[in-house]
Participant: 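Submitted below is the structure of interest, expressed as structure tokens.
Within every chain, numbering begins at 1; the chains are lettered A, B, ... in the order of the sequence lines, protein sequences first and strands thereafter. Just so we're clear, the structure is a prediction, and the values are computed from it rather than from any experiment.
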Amino acid sequence: MSAKRVISYSQAINEAMAEEMTRDERVFLMGQDVGAFGGVFGVTAGLHDKFGPERVIDTPISEMFLVGGGVGAAITGMRPIVELQFADFIWNAGDEIIGKMSKWRYMHGGLFDVPMVLRLPEGAVGGAGPEHSTCPEAALLSATGTYIVVPSTPYDAKGLLKSAIRDDNPVAFFEHKGLYTTKGEVPEEEYTIPLGQADIKRVGSDVTIIAWGRLVHHALAAAELAARDGIDVEVLDPRGLRPLDVDAIVTTVEKTGRVIISHEAGQTGGASAEVAAIIAENCITSLEAPIRRVCGVDTPVPQSVHLEQFLIPTAEELHVAIKEIAAY
Amino acid sequence: MSAKRVISYSQAINEAMAEEMTRDERVFLMGQDVGAFGGVFGVTAGLHDKFGPERVIDTPISEMFLVGGGVGAAITGMRPIVELQFADFIWNAGDEIIGKMSKWRYMHGGLFDVPMVLRLPEGAVGGAGPEHSTCPEAALLSATGTYIVVPSTPYDAKGLLKSAIRDDNPVAFFEHKGLYTTKGEVPEEEYTIPLGQADIKRVGSDVTIIAWGRLVHHALAAAELAARDGIDVEVLDPRGLRPLDVDAIVTTVEKTGRVIISHEAGQTGGASAEVAAIIAENCITSLEAPIRRVCGVDTPVPQSVHLEQFLIPTAEELHVAIKEIAAY
Amino acid sequence: MLTPELKILIYRTMYQVQQWEKKLLQFLDDGLVSGFYHAGRGHEALEVASMLALRQDDYLLYDHRGCGHMIAKGMDMVSLYGDFLANDKGSTKGLGAGIVHIADPDRGVLGQSGTLGGGHVLAAGAGLSIKLRGTDQVVVNFFGDGAANRGTFHEGANAAGAWKLPVIYIVQNNGWAISTPVDKVTAVKSFAERAAGYGMRGVSIDGMDPFAVYEATVSAVEQARRGGGPTLIEGKVVRFRGHFEGDPGTYRPEEELAQGKAQDPVITTRARLIAEKTADEQQLTALEEEVNAEVDAAAAEALTGTMPGRERLAEGAYA
Amino acid sequence: MLTPELKILIYRTMYQVQQWEKKLLQFLDDGLVSGFYHAGRGHEALEVASMLALRQDDYLLYDHRGCGHMIAKGMDMVSLYGDFLANDKGSTKGLGAGIVHIADPDRGVLGQSGTLGGGHVLAAGAGLSIKLRGTDQVVVNFFGDGAANRGTFHEGANAAGAWKLPVIYIVQNNGWAISTPVDKVTAVKSFAERAAGYGMRGVSIDGMDPFAVYEATVSAVEQARRGGGPTLIEGKVVRFRGHFEGDPGTYRPEEELAQGKAQDPVITTRARLIAEKTADEQQLTALEEEVNAEVDAAAAEALTGTMPGRERLAEGAYA
Ligand SMILES: Cc1ncc(C[n+]2csc(CCOP(=O)(O)OP(=O)(O)O)c2C)c(N)n1
Ligand SMILES: Cc1ncc(C[n+]2csc(CCOP(=O)(O)OP(=O)(O)O)c2C)c(N)n1
Ligand SMILES: [Mg+2]
Ligand SMILES: [Mg+2]
């Protein structure tokens, strides 16, 4: 990482696609308004100009075709990147994701690979309402066959997306809409980040917060608040849920003995439960306090921006939890 | 419960529907082949004769219409029971379930109720393959708005289904296909069972197994095996996941201090994780051993009956886990 | 029948819708409304005149584009503003803002599926409910040319056609789905051509002509009420503004847009009423002033609402 | 062109398919195959003759009904039996049994979506892939009258039509979806009527006549190869047996079934070859004996396979 170049999360994703499309002509992109318009969040800007309408394809509003068509293309020699305009729309292509994309390989005896990436802009931002604001990673976690990646920084987003595109398995790539303008260092030189490797975003010794996506940033802010109280917080970002870096989770829990798991999705049935279960199975004796989940409120995301803000765990809420758990 | 009448799980479900359709003329049933044919598993036999084709409706193979149409009917004064032929097909109507059925009330300010029941035959039985054999409860648990009921006995199935039909919220009612012929006592007299109340299927003091659906029976068999070793196993059946009887879970864990959670669905991201997380948050200090999950293998369900059997936790596997955890 | 009174009411309501939206855009500019709004400007004739062919107990499912149908269906303008302002004057009592899920059970306004095309199947279900309950209501489902390509349409339309349900599908074909022109992603020139595949009557009309819209809807409603089954009405309309407020719409050929705007349904209908001598200038001006005052009053009242507290977040998920 | 040799090959393959299935049903009776099988008896003409109009590198997506298309596409009978026997002779090496997910990448057999109609969108995607790769392959997607009502059809057909993808949709209209007659749940008499709504050519043919099937497929293939876009072929066929083995089919009027069986495509085609003097009795009998021997040999070999161990369960989920 020589050159200190700073770009946005959105640009990092764009670069990853551009580089991989240049490298491998089987890679193509399709989605609603991803073409000349550059995507509703601007993430695909310039790709249509660069690669033309055959490789950057504006599609109908047909999510089942988007995903199922991606599978059809993937098993016949292409490597599609499919953008759903909002991550919530996985439900509009549920069987295509769970029944086709995730299972085609296994159920046909391993005779086909399904090398495709589903790009899924997630999260509650700006009042997009109950059907355009969720972080539905846990639904995919409950069914096997698809990798799940959730980057929290521009650096991670680029390196992980490149790996996802090169991987021969289907990958659900969750991009947080609230992070698109977040800036961070991304080297000029090419690099990739292996899927399934957690990253310690902050080293600490007293309490661990395991968080992903946008909540990594809230966790880091909370850690700074806690530092003033003399509590040293470690922030572990699994950067994805499948493959899940169980070793990194166990290691940090063994180190701090106190753990908070935090995500934006509603707490009940969220993926934090899986992390909690893994800890309770593998390193419960290292715990010096109950596991704590600080997650989204269990309610649909309201349309109102005013109410929406109350849904997402804040740094302050995390700070309170840190203090409680440190004092346990 | 005076008369000692023994009927099957399937018949119990059938009776619940017949009684509720008699009681309330707004209740109707639709699904593929639920009419004169009586359903592919025979569960709706006789209802078409009794209530006619207007109230027991054979539908097209259109799962989005089945669920979304149910929502349309429910918000305009009817109380539909919708049968999906296989629980796996929730993915074919993902947005209708998660985005419409579960959220319509909330997102329209509570102005509508969505009183409908989705009957979902689940489980791996007889080689129905990857897309006709899963227990996908966890996917619904990850999104709010719909109750989740999973009966394990004829008695529970009847009483819970009657409550589900009367409830003004949408209810996903998972019926295990492997239990349809299971017999059990069901009184002649009318009764209902409140949603969200766990049931202790076996009282014990050494180890708790929390299990639901078909796995309750494997847990009970395992408990008998363990009894020979002098280990006294309690079997707690939550009978559903939302509302979840957290008190009952905490009570049994505080009593035994050793807990196994067991379901047929694949372990990773399964609903056992949520139960584990609740324990780790609420009564971790009562634990005398790590939490243990004994669940389905994380793989699609193979078509072969020969391989399918290896997927589902057996009483023997549970027995081993009981011994290990008791000895911890 | 298109009586002079009705024609004037149609114009009045279209004008009202336009003014209502104008004020809303001002709220947006003033930062009082957050989130997304998809202006209905250009769609007034189709949204309004179709609704005036309905009864109060008929049902409406709408999409993200405009609020003309809800206003024409009789909803209170205050509650609509309240929803955008996200305060307790709104129909959902502070839950809304942006692409709001406005609803009014008493006026048959059943709400919106934020995932486009979700209404296709709900409409068929509402139609089934009408049939089972034995009333002669109808249900109207609005959607765009983009949403027409969702699979839910196939499933809803097939059930409605097979069972002769009282459903009216109205596709607002404005030629664009955000930046995507209809002919790039759709295999057929007119969506009305798809109706036959569902045993449905299909008509394609000029959605900028409110009287044509009214007649087409009346005929669809009559057919539906007497058990004759569903109709698909394609109204060709023009989206005057960006997809949502904030979209510069640079992808649209200027000429196309200019041509479209020249057909402004509010202006042309006004001129027509005068030309046909259904009303005179003075009468219309008076009516417009009346409407302006109503809109202002509604806006003012809506602004007196209170934003809900945090507790609102958890209300209403369950019955 | 339907040369005499080709006609004989079509008959030979239909006969092979029928004999192959007969033996499979015996395996089922003998308890060697568990799970569900949905017999293709009655569908032979449609499944076989269409496939013989394809090249080896063309693609096939099939559904649960029968295995005629896979055999005609050139798959080894041993591997098909092996899949049903769930042993290592099968194409999926012991994963199958019942409604198996047979596949053969080298012969373009892409597999099956167990959720009906899942293939509609995969086919469009394979068509897109062909277009992007610039080959002149085609993809054929088989489905039933029941699966035709899934929303995936709308989305796949629209994309295929809009982009002129080389897709051939073949609906095997046997009039029943399990116990449900097509006219009770479908708004249209012939599915071919739906094609126009997707800018697609639609033809309805007698699916019991293999030569008509062949001609219709050839014409669809030619159109697809030269970039002319998709075709929908409806073949009217008869399901001779229950929905799956074990279904007594009591819901079907006996007369209807008897009428259907009278059109047995294997028998009528044989008679036609003789009547047309394309082949004589002796020649056909010899050919049939040859096929019988092949089928017996394949069955015998498949039975020598080994059931996989528990470890097979976890293999193949990830690359
Ligand atoms: C299922 C689904 N896919 C995509 C979107 C995102 N989206 C919102 S509006 C829109 C375009 C709609 O076009 P059209 O249906 O023609 O309506 P118009 O905006 O032109 O009135 C899109 C793609 C969505 N809300 N739901
Ligand atoms: C999405 C989905 N819904 C329902 C089913 C259950 N199912 C399997 S076969 C069948 C009937 C199929 O009828 P059709 O498509 O006409 O084919 P046929 O059996 O007549 O060949 C049904 C309902 C399924 N597999 N997938
Ligand atoms: Mg449009
Ligand atoms: Mg059929």
Participant: So which of D/Val185, D/Val188, D/Asn158, D/Thr152 has the biggest tally of heavy-atom pairs under 4.5 Å with chain C?
Facilitator: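 Going by pairs under 4.5 Å, I would pick D/Asn158.
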Participant: Please output the residues of residues 177-184 of chain C in contact with chain D, using a heavy-atom cutoff of under 4.5 Å, in numerical order.
Facilitator: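 Listed by number, the contacting residues are C/Lys184.
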Participant: For C/Ala148, does its backbone N or O pair with a side-chain atom of D/His154 as donor and acceptor, under 3.5 Å?
Facilitator: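 Indeed, once roles are kept as given, a pair shorter than 3.5 Å links the two residues.
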Participant: Looking at chain C, which one of D/Ala187, D/Ala160, D/Gly161 has the largest number of heavy-atom pairs inside 4.5 Å, strictly under?
Facilitator: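 Most heavy-atom pairs within the cutoff with chain C belong to D/Ala187.
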Participant: Could you measure the distance from the CH2 atom of D/Trp163 to the OG1 atom of C/Thr186? Nearest 0.5 Å is fine.
Facilitator: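 Interatomic distance, D/Trp163 CH2 to C/Thr186 OG1, rounded to 0.5 Å: 10.5 Å.
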Participant: Tell me which of these, C/Ala159, C/Ser190, C/Gly197, C/Gly156, has more heavy-atom pairs under 4.5 Å with chain D than the rest.
Facilitator: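 Option with the greatest count: C/Gly197.
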Participant: If the condition is salt bridge (charged side-chain N to carboxylate O under 4.0 Å, His left out), which residues does C/Asp206 pass it with, not counting sequence neighbours?
Facilitator: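 For C/Asp206, no residue satisfies salt bridge (charged side-chain N to carboxylate O under 4.0 Å, His left out) once neighbours in sequence are set aside.
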Participant: Check whether more than 12 heavy atoms from other residues, nucleotides or ligands sit under 6.0 Å from atom NZ of C/Lys164, and answer yes or no.
Facilitator: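 It does not: C/Lys164 NZ has 12 such atoms or fewer within range.
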Participant: For residues 212-222 of chain C, give me every residue with a non-hydrogen atom less than 4.5 Å from any non-hydrogen atom of chain D.
Facilitator: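 Within residues 212-222 of chain C, no residue comes under 4.5 Å of chain D, counting heavy atoms only.
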Participant: Counting only pairs under 3.5 Å, give me each side-chain donor-acceptor contact of residues 117-128 of chain D, with atom names and distances, residues two or more places apart or in other chains.
Facilitator:
residue  : atom : partner  : partner atom : Å
D/His120 : ND1  : D/Asn141 : ND2          : 3.1
D/His120 : NE2  : D/Ala147 : O            : 3.1

